Amino acid sequence: MSENLIDAVVTKNDLKEAFEKLGVKSTDSCIVGTAMSKIQYFPDGAETIFNALKETLSDGTLMMPSEISTNCDPATDGLGVTPEYFRNLPGVVRSSHPFLPIAIWGRNAKKIAEKQPLNIPYGINSPLDYLYQNNGKTICTKYRSLDIDLYDGSNKLGAAFEARYSNDFKSLKLVKGTIKVINLHPLIDFSCQWFNQKDH
């Protein structure tokens with residue numbers, strides 16, 4: 001019988017040091033996408049990730065996706081362990097959309113959560129618009145979404161953005177994974193141009 005041996009451990013301080021090297025500041029507003037398995041083993045899992053982010057963004061705002069994709073157990077949903085853990089923490093508020101809410105912690109969390117359009121939930125006056133208007137960042141680990149990658153060309157978009165806007169993102173190898181921090185304002189502007197050209 002084979003066993004999954006742990007050959008590397010990532011601590012809270014390792015994450016904080018990585019965020020600092022990637023230019024994340026205490027006052028930043030960030031949305032985070034995680035894939036713990038890509039980096040290896042975290043003692044206390046999602047709690048370690050959140051505490052590292054909370055201490056890094058001590059005067060800022062932290063957001064994570066909190067979509068309600070199905071009426072199922074979160075353990076079998078595609079959202080992930082960390083966002084579900086984050087959503088249930090004291091002080092975290094969830095935006096008002098019934099299907100595509102965002103979980104928010106930190107500065108202006110309640111105010112941000114109050115506004116989210118029903119028809120275009122990630123558009124103007126949404127939590128993502130707050131990030132756009134306030135020079136927010138996204139912190140993520142590499143993952144693959146088949147629906148998006150195959151049909152919308154997001155991997156090509158990302159590669160084109162990084163080639164053209166090399167000063168607006170940073171990446172750092174951490175054990176077996178990579179953490180990437182991207183400035184959202186130029187990314188969103190570039191994405192709009194990309195899809196406009198692609199669709200025409």
Side-chain angles (χ1 to χ4, degrees), residues 10-36 38-39 42 45-67 79-95 97 100-116 121-123 125-143 145 154 158 161-162 165-174 177-191:
V10 178
T11 68
K12 180 185 73 173
N13 287 338
D14 291 332
L15 288 172
K16 289 176 64 178
E17 183 178 340
F19 296 148
E20 182 179 353
K21 287 180 179 178
L22 290 166
V24 180
K25 299 179 176 59
S26 63
T27 56
D28 279 341
S29 297
C30 297
I31 188 164
V32 176
T34 62
M36 287 191 289
K38 297 296 183 184
I39 295 178
F42 293 88
E47 181 180 357
T48 297
I49 295 174
F50 171 69
N51 286 335
L53 288 164
K54 179 177 70 171
E55 293 176 20
T56 301
L57 298 170
S58 55
D59 297 309
T61 307
L62 172 61
M63 302 185 194
M64 290 190 189
S66 191
E67 294 96 336
L79 189 58
V81 174
T82 305
E84 182 63 14
Y85 171 83
F86 177 66
R87 177 182 73 83
N88 287 289
L89 287 173
V92 173
V93 294
R94 208 176 193 188
S95 61
H97 199 275
L100 295 169
I102 301 288
I104 310 165
W105 171 90
R107 187 183 66 230
N108 298 325
K110 290 183 179 180
K111 182 179 179 181
I112 298 165
E114 288 174 355
K115 294 182 177 181
Q116 188 171 11
Y122 295 152
N125 290 327
S126 72
L128 295 190
D129 184 46
Y130 178 89
L131 292 172
Y132 180 81
Q133 299 296 339
N134 289 274
N135 298 310
K137 299 173 180 177
T138 181
I139 304 173
C140 55
T141 55
K142 185 177 181 181
Y143 64 96
S145 170
S154 292
F161 173 80
E162 291 181 4
Y165 294 92
S166 59
N167 293 327
D168 284 303
F169 79 94
K170 294 181 179 180
S171 62
L172 178 72
K173 183 81 172 175
L174 187 61
T178 300
I179 300 176
K180 186 172 289 187
V181 174
I182 307 168
N183 293 331
L184 279 171
H185 200 291
L187 175 61
I188 291 172
D189 286 349
F190 179 78
S191 298

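Note that the coordinates shown come from a computational prediction; the quantities given were computed from them, not determined experimentally.
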(request) Return yes if a side-chain donor-acceptor contact under 3.5 Å exists between Asp14 and Thr11, otherwise no. (result) yes

(message) For the residue pair Tyr165 / Asn183, report whether a side-chain donor-acceptor contact shorter than 3.5 Å exists.
(response) no

Nearest atoms (heavy-atom pairs only) where [X] meets [Y]:
{"X": "Lys115", "Y": "Pro127", "answer": "O-CD, 3.7 Å"}
{"X": "Pro83", "Y": "Met64", "answer": "CA-SD, 3.8 Å"}
{"X": "Pro121", "Y": "His97", "answer": "CB-CD2, 3.4 Å"}
{"X": "Pro101", "Y": "Ser95", "answer": "CA-OG, 3.2 Å"}
{"X": "Pro65", "Y": "Val32", "answer": "CD-O, 3.4 Å"}
{"X": "Ser66", "Y": "Ala103", "answer": "CB-N, 3.8 Å"}

(request) Determine, stepwise, if the pair Gln116 / Tyr122 fulfils side chain to side chain contact (heavy atoms under 4.5 Å, CB included). (result) CA-CA 7 Å; Gln116 188 171 11; Tyr122 295 152; 3.8 Å; yes

Is any side-chain heavy atom of [X] less than 4.5 Å from a side-chain heavy atom of [Y]?
{"X": "Leu184", "Y": "Ile31", "answer": "yes"}
{"X": "Phe50", "Y": "Leu89", "answer": "yes"}
{"X": "Met63", "Y": "Ser29", "answer": "no"}
{"X": "Phe161", "Y": "Asp168", "answer": "yes"}
{"X": "Ile179", "Y": "Phe19", "answer": "yes"}

(request) With sequence neighbours excluded, give me every salt bridge (Lys or Arg N to Asp or Glu O under 4.0 Å) pair touching residues 55-65. (result) Lys12-Glu55, Lys16-Glu55

Output the distance between atom [atom1] ([X]) and atom [atom2] ([Y]), rounded to the nearest 0.5 Å.
{"X": "Asn167", "Y": "Glu162", "atom1": "CG", "atom2": "CD", "answer": "12.5 Å"}
{"X": "Leu131", "Y": "Cys30", "atom1": "CG", "atom2": "SG", "answer": "8.0 Å"}
{"X": "Lys110", "Y": "Ile104", "atom1": "NZ", "atom2": "CD1", "answer": "12.5 Å"}
{"X": "Lys111", "Y": "Tyr130", "atom1": "NZ", "atom2": "OH", "answer": "8.0 Å"}
{"X": "Thr56", "Y": "Ile139", "atom1": "OG1", "atom2": "CD1", "answer": "7.5 Å"}
{"X": "Leu53", "Y": "Ser58", "atom1": "CG", "atom2": "OG", "answer": "12.0 Å"}

(message) The test is side chain to side chain contact (heavy atoms under 4.5 Å, CB included); show your working for Leu15 and Leu174 and say whether it passes.
(response) CA-CA 9 Å; Leu15 288 172; Leu174 187 61; 3.8 Å; yes

(message) Checking Lys54 now: which residues fulfil side-chain hydrogen bond (donor to acceptor under 3.5 Å, both in side chains) with it, not counting sequence neighbours?
(response) none

(message) Tell me if a side-chain donor or acceptor on Thr61 pairs with a main-chain N or O of Arg107 at a distance below 3.5 Å.
(response) yes

(message) Once side chain to side chain contact (heavy atoms under 4.5 Å, CB included) is applied, do any residues pair with Asp189, and if so which ones, sequence neighbours excluded?
(response) Tyr132, His185

